[in-house]
Protein chains: 2
Amino acid sequence: MQHQQSKQQPPRAFRQLKSWLQEHNSTLPKRLQSVAAYAVSHPDMIALNTIAVISEQIGVTPSTIFRFAKSLGYKGFSDMQSIFQESMRHISQPYAERIHSLDRQMSQKATAFQRFAIAANRAIEKLSQTETQLLLQASHKLADANIVYIAGQDRAAPVSVYLHYMLVKMGMQAVILEGTPSMLVDKAKLISASEMLLAISFSPYSVNTRELVDVCIEQQVSVISITDSTLSPIARRDAICLEIIEHEVAGFRGLSATMCLAQCLAVEAGKCRANMNSQ
Amino acid sequence: MQHQQSKQQPPRAFRQLKSWLQEHNSTLPKRLQSVAAYAVSHPDMIALNTIAVISEQIGVTPSTIFRFAKSLGYKGFSDMQSIFQESMRHISQPYAERIHSLDRQMSQKATAFQRFAIAANRAIEKLSQTETQLLLQASHKLADANIVYIAGQDRAAPVSVYLHYMLVKMGMQAVILEGTPSMLVDKAKLISASEMLLAISFSPYSVNTRELVDVCIEQQVSVISITDSTLSPIARRDAICLEIIEHEVAGFRGLSATMCLAQCLAVEAGKCRANMNSQ
DNA sequence: TTGGTTTTGAAATATACATTCCATAAAAAA
DNA sequence: TTTTTTATGGAATGTATATTTCAAAACCAA
């Protein structure tokens with residue numbers, strides 16, 4: 001039998017579709033997973049483009065995208081696309097204009113520089129629309145912890161460094177986890193329940209960070225993860241997961257929005273901590 | 001002769017299109033006016049639907065809509081539709097929520113989170129208006145150097161880490177200067193003329209970084225400094241100085257704009273380097 | 001390995017859609 | 001009014017796009 005097509009009616013609202021994908025994506029074939037990841041983070045592309053250009057963007061064949069829609073239970077691509085489109089309807093125009101204020105400058109001769117600025121702005125704009133609730137929850141958790149262990153390598157390293165700096169400034173004990181992979185795991189095993197792990201990882205996800213998250217969750221240690229997709233291996237149901245989508249320019253993703261999130265997270269945590277101490 | 005088709009290029013941005021329509025709609029034939037009115041008030045419909053359903057909504061025939069597009073100077077309906085679609089791109093997800101968040105932004109009741117986002121956006125916006133020339137100069141200098149030594153502590157540390165990561169990724173040898181203050185000075189003295197120093201420092205300026213800049217300039221070693229004011233001690237006449245103004249929220253400055261600058265700097269340098277190698 | 005199964009890519013087909021064309025209606029000029 | 005020009009609707013056409021099909025590749029269990 002082919003990959004089981006979900007027999008139930010497919011989600012008719014984007015929100016449901018998104019969470020369905022987060023749940024089941026690990027059971028999907030490889031290519032379908034790529035499509036899922038892309039669809040969740042670039043819904044506007046799915047809504048506005050043809051199968052051909054989307055497939056090229058993702059780097060899969062058009063058939064794959066069609067099968068993706070089918071495997072979710074939709075009648076076909078167009079059927080699925082209509083869900084994405086529905087989620088864009090009734091947009092208030094003034095807001096759209098505001099977002100594109102920079103675009104006008106770009107129309108003719110955008111300097112390379114401006115392109116980066118635009119991408120960063122977009123990412124932040126998108127970020128600011130996410131649930132504030134989640135962020136506050138995360139802040140509280142950080143404030144509650146006796147020690148915050150921070151893990152993040154490669155492109156995530158600057159975020160670790162910044163969060164470490166900020167948390168300490170805000171009066172919280174924070175430690176950056178460093179060392180050889182095996183040592184890291186050993187360190188993680190020593191984290192107690194009153195402490196917590198703050199994991200940062202972006203695609204391509206480093207195995208190290210993932211392992212740390214595994215260890216902590218297994219030990220009932222609280223985890224907050226910052227990542228670029230809720231499909232990321234460090235996004236778990238047991239952890240608070242803050243998602244950030246940085247746009248790509250010239251093949252590279254920035255960190256502007258991520259830094260904004262980090263700053264906010266640290267400052268909010270600091271406030272919580274201050275309240276706790278004064279009581 | 002048919003109704004005059006505007007000979008000039010049609011508007012390529014929705015905003016322009018909108019005001020053009022408001023200007024000239026009285027000179028349009030009756031049916032075309034209906035279409036114009038509908039288009040400005042329901043741009044999402046135009047973006048997301050086929051000629052057939054739009055025409056039914058307005059109560060005109062499909063041909064009319066096609067002619068409308070033509071009369072504005074577009075190649076056809078699809079061409080015009082792409083303008084409408086462009087105005088919706090990168091705007092995603094829960095629109096209900098989105099609009100609420102907009103309202104909150106407008107009505108001063110912004111969540112802490114949104115305040116950070118706005119501040120970051122402003123900073124980037126301002127940044128994107130600065131001289132590109134300087135940035136390109138800096139990129140070239142980076143590309144020319146055999147080794148780039150990076151110095152930056154405290155709040156500047158994440159920037160160091162990021163630039164280090166990016167430069168190495170782009171194929172340039174880069175080293176982060178670490179160690180005790182006296183050791184740092186010794187290391188700096190060993191930097192040769194074919195190499196360079198990239199110094200990052202924000203108020204309150206660390207004495208360390210300042211000293212490094214002093215040593216290098218004395219030895220005729222090229223210096224690029226990234227700082228938050230041209231009055232900063234690491235801004236020198238002999239050095240290329242990139243200035244960044246991050247806005248303050250709740251007493252803290254972020255790093256979003258700085259990261260954007262860093263990304264751009266590294267990528268541009270990478271391009272230069274690639275050109276050099278290919279020749 | 002081998003045989004069976006699932007997944008994938010590429011070409012073939014069908015469908016939906018924009019576009020064109022023409023005949024007719026309305027409006028403007030004579 | 002008649003004549004000419006402009007605007008409109010409806011059917012015919014061609015093109016772009018989704019969908020189907022099928023064979024090859026990858027995967028897995030025995």
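Numbered from 1 within each chain, the chains take letters A, B, ... in sequence-line order. These numbers come from a predicted model, not from an experiment.
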Student: What is the distance, to the nearest angstrom, from the CD1 atom on Ile65(A) to the C1' atom on dT19(D)?
Tutor: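 Ile65(A) atom CD1 is separated from dT19(D) atom C1' by 14 Å.
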Student: Can you see whether Thr258(A) engages Glu246(A) through a side-chain donor-acceptor pair at a distance of less than 3.5 angstrom?
Tutor: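 Short answer, yes.
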Student: For the pair made of CG in Leu32(B) and P in dG9(D), what is the distance, rounded to whole Å?
Tutor: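 In whole Å, dG9(D) P lies 10 Å from Leu32(B) CG.
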Student: Between protein and nucleotides 12-22 of chain C, what N or O pairs are separated by less than 3.5 Å?
Tutor:
{"residue": "dA18(C)", "atom": "OP1", "partner": "Ile51(B)", "partner atom": "N", "Å": "3.0"}
{"residue": "dA18(C)", "atom": "OP2", "partner": "Ile51(B)", "partner atom": "N", "Å": "3.0"}
{"residue": "dA18(C)", "atom": "O3'", "partner": "Ser78(B)", "partner atom": "OG", "Å": "3.1"}
{"residue": "dT19(C)", "atom": "OP2", "partner": "Phe77(B)", "partner atom": "N", "Å": "2.4"}
{"residue": "dT19(C)", "atom": "OP2", "partner": "Ser78(B)", "partner atom": "N", "Å": "3.3"}

Student: Please round to the nearest 0.5 Å and tell me the distance separating atom CE of Met172(B) and atom NE2 of His164(B).
Tutor: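 So the CE of Met172(B) and the NE2 of His164(B) are separated by 11.5 Å.
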Student: Hey, could you give me the CZ/OG1 distance between Arg31(B) and Thr64(B), rounded to the nearest 0.5 Å?
Tutor: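 Between Arg31(B) CZ and Thr64(B) OG1, I get 7.0 Å after rounding to 0.5 Å.
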Student: How many Å lie between CZ on Phe68(A) and P on dT6(C), as a whole number?
Tutor: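 Answer to the nearest Å: 20 Å.
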Student: Can you tell me how far P of dA16(D) sits from CG of Leu48(A), to the nearest Å?
Tutor: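 So the CG-P distance, Leu48(A) to dA16(D), works out to 19 Å.
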Student: NZ of Lys30(B) versus P of dA7(D): gap in Å, rounded?
Tutor: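 Those two atoms, NZ and P, are 12 Å apart.
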Student: Are a donor atom and an acceptor atom from the side chains of Thr61(A) and Ser63(A) found within less than 3.5 Å of each other?
Tutor: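 Note: Thr61(A) and Ser63(A) side chains meet the donor-acceptor criterion.
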Student: Can you see whether Asp154(A) engages Tyr205(A) through a side-chain donor-acceptor pair at a distance of less than 3.5 angstrom?
Tutor: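 Their side chains do not contain a donor-acceptor pair, so the 3.5 Å distance test is not met.
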Student: Figure out the CZ/C1' separation between Phe84(A) and dA18(D), and round it to whole Å.
Tutor: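 Whole-Å distance recorded here is 17 Å.
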Student: May I have the distance from Tyr74(A) (atom OH) to dA18(D) (atom C1'), rounded to whole angstrom?
Tutor: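 Rounding to the nearest Å, OH of Tyr74(A) and C1' of dA18(D) are 17 Å apart.
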Student: Do NZ/NE/NH1/NH2 and the carboxylate oxygens of Lys70(B) and Asp79(B) come within less than 4.0 Å?
Tutor: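 Salt bridge absent between Lys70(B) and Asp79(B).
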